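In what follows, a single structure is set out as structure tokens and then discussed.
Lettering follows sequence order; numbering is per chain, from 1. Given the structure is predicted, the values throughout are model-derived calculations rather than measurements.
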Number of protein chains: 2
Amino acid sequence: MTVTVAAAERLIRIGEVARGAGVSVRAVRYYEQQGLLIAERSPSGQRLYRQDAIPLVRFFQEMFAAGLTSRRIAELLPCWDSGHTDAEQRTMLRAERERIQAKIDDLQAALDHLDEVIAITDTHP
Amino acid sequence: MTVTVAAAERLIRIGEVARGAGVSVRAVRYYEQQGLLIAERSPSGQRLYRQDAIPLVRFFQEMFAAGLTSRRIAELLPCWDSGHTDAEQRTMLRAERERIQAKIDDLQAALDHLDEVIAITDTHP
DNA sequence: CTAAAACCTGACGCTAGCGTCAGAGGCAAG
DNA sequence: CTTGCCTCTGACGCTAGCGTCAGGTTTTAG
């Protein structure tokens, strides 16, 4: 039997989330609109977040940089939260993994190509 | 003294360039509009390309995939063609190199992150 | 109490690399 | 000659992740 202790966590407002994660306030609202981030509301309607919203937003940024869409991230969030996955989610995870790996390979090839150019133009003043 | 032998190269039309490089005809026109690709014109106005337009377009694709804009590519084309660079171009080359390397690192971090999730969800059916 | 700072909800704008449709001309084959 | 494919020039559309302005409320600092 598990007892959950409500830790009376200090809730933070959107500006603090944004500064903490290094994004704009607008971006945080956008993530909510895309279903990535659920916020409580204060009586007056202001968004209230738990502190782990900050690393979560950082995670979103990392995934965006890796080329995942907000839709995909939303679909994969349950795995992240609960550790539970169904077959479809596992398939998506592998697919994204392959996409990213392929992208890395492409970038490496481009980098090598550029390095060749740099080498040539250096010995060729 | 250098004598240039005009090799009477067979010129190709836009469709052949597109198929050869694996892009759309629209894309090739776009590259011209961005100043990446100069084409001769037949008397009737059709674009005529030399055969090395095909690897050139492939190169564009590689650079696009690496995150360079068409503007940047256009600015760096002279280095590629002539092997000659001025200081500004060398700076841009290095900067793009660093950008790509940073992007690779970011992607690798994201990949590692995803792999963790995959590992957890695999041992956690 | 008041002024500044932070927050709210729309809603339009932007970028970049094309896709796509419209309407018209060019070119080899039968 | 005509059929069918290729090409031409505009020009509007699309996507995704926000930026930004407008006009109004709330919270905080002094």
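Take A:Phe64 and apply the ring-ring contact (aromatic ring centres under 6.0 Å, His included) test, not counting sequence neighbours, and it matches A:Tyr31. In this structure A:Gln101 satisfies the side chain to side chain contact (heavy atoms under 4.5 Å, CB included) test together with A:Arg97, A:Ile104, A:Asp105, B:Leu111, sequence neighbours excluded.
At least one donor-acceptor pair closer than 3.5 Å links the side chain of A:Arg99 to the backbone N or O of A:Gly67. Under a 3.5 Å cut-off, the side chain of A:Arg58 and the backbone N or O of A:Gly20 do form a donor-acceptor pair.
By the 4.5 Å heavy-atom criterion applied to side chains, A:Arg50 and A:Ile12 are not counted as neighbours. Looking at heavy atoms from C-beta onward, B:Ile100 lies in side-chain contact with B:Leu68 at the 4.5 angstrom threshold. Between A:Glu75 and A:Gln89, every side-chain heavy-atom pair lies at or beyond the 4.5 Å cut-off. Side chains of B:Tyr30 and B:Leu36 form no contact here, defined as non-hydrogen atoms less than 4.5 Å apart. The side-chain heavy atoms of B:Ile118 and A:Arg94, taken from C-beta on, include a pair separated by under 4.5 Å. Under the 4.5 Å side-chain criterion, counting only non-hydrogen atoms from C-beta, A:Glu96 is in contact with A:Arg72.
Taking atom CD1 of residue B:Ile12 and atom C1' of nucleotide D:dT7, one finds them 15 Å apart after rounding to whole Å. For A:Leu11 and C:dC7, the CG to C1' distance is 16 Å, given to the nearest whole Å.
Summarising the geometry of A:Val25 relative to A:Gly15, their closest heavy-atom pair is CG2-CA, 4.2 Å, with the distance given to 0.1 Å.
For the side-chain contact (heavy atoms from CB on, under 4.5 Å) criterion with A:Tyr49, the lone passing option out of A:Arg13, A:Glu16, A:Glu40, A:Glu32 is A:Glu32.
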Please produce a list of atom pairs where a protein N or O lies less than 3.5 Å from an N or O of nucleotides 1-5 of chain C.
none

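Sorted by residue number, the members of residues 40-51 of chain A with any non-hydrogen atom under 4.0 Å from DNA chain C read A:Arg41, A:Gly45, A:Gln46, A:Arg47. For DNA chain C, the residues of residues 26-38 of chain A within the heavy-atom distance limit of 4.0 Å (strictly under) are A:Arg26, A:Arg29, sorted by number. Of the residues in residues 64-77 of chain B, those with a non-hydrogen atom less than 4.0 angstrom from any atom of DNA chain C are B:Phe64, B:Leu68, B:Thr69, B:Ser70.
Heavy-atom contacts from other residues, nucleotides or ligands closer than 6.0 Å to CD of A:Glu88 number 12 or fewer.
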